[in-house]
Undergrad: 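Please read through the structure below; I'll follow up with questions.
Chain naming here is simple, since letters A, B, ... match the order of the sequence lines and numbering starts at 1 in each.
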There are 2 protein chains.
Amino acid sequence: MSNSTPATIEDVARIAEVSIATVSRAIHTPEKVANSTRLKVNQAIAITGYTTNAMARSLRLGRSNMILVVAPDIGDPNFSNILVGLENEARSHGYGVLIGHTQNDPQRGLEYLKFLNSNQAAGLILFTGILPFGHQAMTARLPPSVGVFEPVFNGGIPYVGVDDIEGARKAIDLLIAEGHRKIAFVGDSRTRLAHRRRRMGYEAGMDAAGIGADLRIVLEGDGTIESGRLAVEQLFMRDTLPSAFMCVNDQTAIGVMIGLGARGYDVPRDFSVTGFDDVPQAVFTSPALTTIRQPRTLIGKHAMALLLELLSDGQPAETEILLRPDLVVRNSVSAPSRAWR
Amino acid sequence: MSNSTPATIEDVARIAEVSIATVSRAIHTPEKVANSTRLKVNQAIAITGYTTNAMARSLRLGRSNMILVVAPDIGDPNFSNILVGLENEARSHGYGVLIGHTQNDPQRGLEYLKFLNSNQAAGLILFTGILPFGHQAMTARLPPSVGVFEPVFNGGIPYVGVDDIEGARKAIDLLIAEGHRKIAFVGDSRTRLAHRRRRMGYEAGMDAAGIGADLRIVLEGDGTIESGRLAVEQLFMRDTLPSAFMCVNDQTAIGVMIGLGARGYDVPRDFSVTGFDDVPQAVFTSPALTTIRQPRTLIGKHAMALLLELLSDGQPAETEILLRPDLVVRNSVSAPSRAWR
DNA sequence: TTGTAAGCGTTATCAA
DNA sequence: TTGATAACGCTTACAA
């Protein structure tokens, strides 16, 4: 049973008294093997505890059973939830998940490119909106790939994300329903499509309510807590105060709440605030943040499923899968304060 | 350059006009190759963009360059930071990191055991305090392995963690220095060594201060937010109130603060609270949580370094590496309220 | 210093 | 339905 060296197909063949070819067939195309033979083989497998040597198999087949997942920052708590979805889906199809992170360092990207080149991964999941392999990427042969959150800039790669416009609409519609008219948008000017779309949702919502965006209260940050705080400062300096802040993500919203708190205001009594993403922290801010939830595990699951489809069909079934984001109502939104009514 | 099929060692050999053996040597033992030959080979490698096929190499060598990381829950935010340390260290030594999670399901564990059996990983990093492979684990041949956080129960496996006793001492000493005498400990009765050690640190600190633990205020929870809340309820029911709560981890501390808040008390004015771990949320609780920081990235780095050492030497350099946990002072601790003085 | 050739454990082709 | 065998790309005795 527990020998010093793992059983090979040859051990199984010897015990089952058949050839190794038959063993291989009994495993992969059992219908091509006589019942009695298959039985013998299965017994021999049970006896030896045989498992196919993945190295040999991959070498022979010319492809591995590993999927490389490259993210700019695997330390991001958002990432780990998606990873769960990715890993579950992969494993249930016989694939393993390899982790890589670039930290936006092109040198790192290059290492992963080499990695792919040496046939170590059959497919690629990309969290970055851009191929992280420098200009080499253009000439490189990439394996089937799928993006997460947004399309990959310089490659015609299908992706799985969330309907950012719809999500943003849910936030803005809530604010408007509560009676807000002057609603600031604190955006992210970096070039992520997701962020642009959230702003589009904001504008669409304002338009639909017949308000129209007031550009004086549409601010561009960079998605960090600090940029949320700064946005508040700017607005106070300019003296163009909204009654509510719709933020491009939770980090920004947290910054806005900190900025408001520092000036002695109460959320949601004095100002309402919404986020986007529903990061784990959103429960613990005070007040707890009303935000839009990204179905992270599900995103991971769909992304991996799409990739596996690509791997078997070769044809991308769809080029874009957008999941439905949900409004999570907590305590950072209320009707506008008296001053606004 | 970007042909349809990756270059093999044979392509390189042909262009360099040497044998494939020489190419292999030029790569792995360059000192055994004439300078001029090495030059030719390097040029040919540059021209072809050759990368060693990892499958073939692993098959030939009988071991892969992958490390399997098995955690009960990769969705845990604590995990992702450690992963950063693990991955960096692994990659800089030519190893890749494979992710697996068991969610405490023995069936899952078994799948990973098969995975290991099929030679897909050269080493194993375990986050669970117990071999997650069921009873099969006993008879199984495991590759070199390293535990994270605590020793692996049923295997003589070296591990990297934090000095929990010292960490707990830092928390209890702070509380005592602030003037607290009646300090509750909210523990975790599950069998994790780390949790037992934290309690030992608590007791040692109380003893050192000449107080001695009052068993009526030493509670056993299960490390969840809910169990922290429950602990508070228990204490109020029993009417044996402490002036401070030292909690076995941050989750518990958050629960305690929630419980206290629900009863209308203010932290730290009425009660002081400490946590352990310094999870990302600890910054966002109100008040921000004073806690003990685990150097997570460093733990990952050390764990992987130890494993790689094992992989090359075969001998565990040390059987236990304990890193120093740091006190992080935020706003959940102050001197006891008047009632206690 | 270099080349020849065996063999790692599979899968797939071909023949029986 | 089964078996013999070539090939996947590499490393490493062993020989030259």
Side-chain angles (χ1 to χ4, degrees), chain A residues 3-42 44-45 48-66 94 114-120 122, chain B residues 3-42 44-45 48-65 94 114-122:
Chain A
N3 305 318
S4 66
T5 162
T8 72
I9 200 172
E10 225 159 334
D11 299 326
V12 177
R14 197 172 333 104
I15 294 184
E17 298 179 302
V18 294
S19 74
I20 60 169
T22 301
V23 175
S24 181
R25 274 189 296 253
I27 295 171
H28 300 289
T29 51
E31 70 278 7
K32 293 188 166 184
V33 166
N35 276 327
S36 56
T37 323
R38 194 170 52 234
L39 211 67
K40 280 195 298 179
V41 171
N42 286 338
I45 288 177
T48 54
Y50 169 77
T51 347
T52 304
N53 180 317
M55 296 302 146
R57 174 162 222 262
S58 297
L59 174 59
R60 173 64 231 234
L61 259 35
R63 63 189 155 76
S64 84
N65 60 154
M66 296 293 154
K114 277 192 188 161
F115 192 87
L116 290 168
N117 246 287
S118 61
N119 271 319
Q120 303 219 56
Chain B
N3 305 319
S4 66
T5 162
T8 72
I9 200 172
E10 227 161 333
D11 299 326
V12 177
R14 196 172 333 102
I15 294 184
E17 299 178 303
V18 295
S19 74
I20 61 169
T22 301
V23 174
S24 180
R25 276 189 294 253
I27 294 171
H28 300 290
T29 51
E31 69 280 6
K32 292 187 166 184
V33 167
N35 277 327
S36 58
T37 321
R38 193 168 54 231
L39 211 68
K40 282 194 297 180
V41 170
N42 286 337
I45 288 176
T48 53
Y50 169 76
T51 347
T52 303
N53 179 318
M55 295 302 143
R57 175 162 221 263
S58 298
L59 175 58
R60 174 63 230 238
L61 259 35
R63 63 188 154 76
S64 85
N65 60 153
K114 275 191 187 161
F115 192 87
L116 291 168
N117 245 287
S118 62
N119 271 318
Q120 303 220 56

Undergrad: Would you call B:Ser58 and B:Asn65 a side-chain contact if the rule is heavy atoms closer than 4.5 Å?
TA: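 Side chain of B:Ser58 against side chain of B:Asn65, heavy atoms only: contact under 4.5 Å found.
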Undergrad: Atom NZ of A:Lys32 and atom C1' of C:dT13: how far apart are they, to the nearest Å?
TA: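 After rounding, the reported distance stands at 11 Å.
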Undergrad: In Å and rounded to the nearest 0.5 Å, what is the CG to CE distance from B:Leu61 to A:Met55?
TA: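 B:Leu61 atom CG to A:Met55 atom CE measures 11.0 Å (nearest 0.5 Å).
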Undergrad: Between atom OG1 of B:Thr52 and atom NZ of A:Lys114, what is the distance when rounded to the nearest 0.5 Å?
TA: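 Here the interatomic distance stands at 10.0 Å.
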Undergrad: Measure from CZ on B:Arg38 to C1' on C:dT2 and round the result to the nearest Å.
TA: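 Distance check: B:Arg38 CZ to C:dT2 C1' gives 14 Å.
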Undergrad: Considering residues at least two apart in sequence or located in another chain, which fulfil the salt bridge (Lys or Arg N to Asp or Glu O under 4.0 Å) criterion with A:Arg14?
TA: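 By the salt bridge (Lys or Arg N to Asp or Glu O under 4.0 Å) rule, A:Arg14 matches A:Asp11.
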Undergrad: OP1 or OP2 of C:dT2 versus the side-chain N and O atoms of B:Thr22: is any pair under 4.0 Å?
TA: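 No, no such contact exists.
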Undergrad: In chain order, what residues pass the side-chain contact (heavy atoms from CB on, under 4.5 Å) check against A:Glu10, with sequence neighbours excluded?
TA: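 Testing A:Glu10 for side-chain contact (heavy atoms from CB on, under 4.5 Å), a comparison that skips the adjacent residues, returns A:Thr8, A:Ile20.
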Undergrad: Output a table of nitrogen or oxygen pairs between the protein and nucleotides 8-10 of chain C separated by less than 3.5 Å.
TA:
| residue | atom | partner | partner atom | Å |
| --- | --- | --- | --- | --- |
| C:dG9 | N2 | A:Ala56 | O | 3.4 |
| C:dT10 | OP1 | A:Tyr50 | OH | 2.9 |
| C:dT10 | OP1 | A:Asn53 | N | 3.2 |
| C:dT10 | OP2 | A:Ile9 | N | 2.7 |
| C:dT10 | O5' | A:Tyr50 | OH | 3.2 |

Undergrad: Taking all atoms of both residues into account, what is the closest heavy-atom pair of B:Gln120 and A:Met66, and its distance?
TA: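 Closest approach of B:Gln120 to A:Met66, heavy atoms only: OE1-CE, 3.1 Å.
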Undergrad: For A:Ser58, which contact category applies under a 4.0 Å heavy-atom criterion: base, sugar-phosphate, or nothing?
TA: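 Counting heavy atoms under 4.0 Å across all strands, no contact is made by A:Ser58.
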Undergrad: List the residues meeting side-chain contact (heavy atoms from CB on, under 4.5 Å) with A:Ala16, not counting sequence neighbours, and say none if there are none.
TA: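 With neighbours one apart ignored, the set is A:Val18, A:Lys40, A:Val41, A:Ala44.
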Undergrad: Nearest whole Å is fine: how far is D:dC14 P from B:Arg25 CZ?
TA: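 Nearest whole value for this atom pair: 14 Å.
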Undergrad: Just distance, no hydrogens or angles: give the donor-acceptor pairs under 3.5 Å from side chains in residues 21-30 of chain A, sequence neighbours left out.
TA:
| residue | atom | partner | partner atom | Å |
| --- | --- | --- | --- | --- |
| A:Thr22 | OG1 | A:Ser19 | OG | 3.3 |
| A:His28 | ND1 | A:Arg57 | NH2 | 3.4 |
| A:Thr29 | OG1 | A:Arg25 | O | 3.4 |

Undergrad: Considering the terminal five base pairs at each end of the helix from C:dT1-D:dA16 to C:dA16-D:dT1, what angle separates the two local helix axes, rounded to 10°?
TA: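 Answer for the end axes of this duplex: 40°.
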Undergrad: Have a look at B:Ala21 and say if it touches a base, only the backbone sugar-phosphate, or nothing, with a 4.0 Å heavy-atom cut-off.
TA: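 Since a base atom lies under 4.0 Å of B:Ala21, the category is base.
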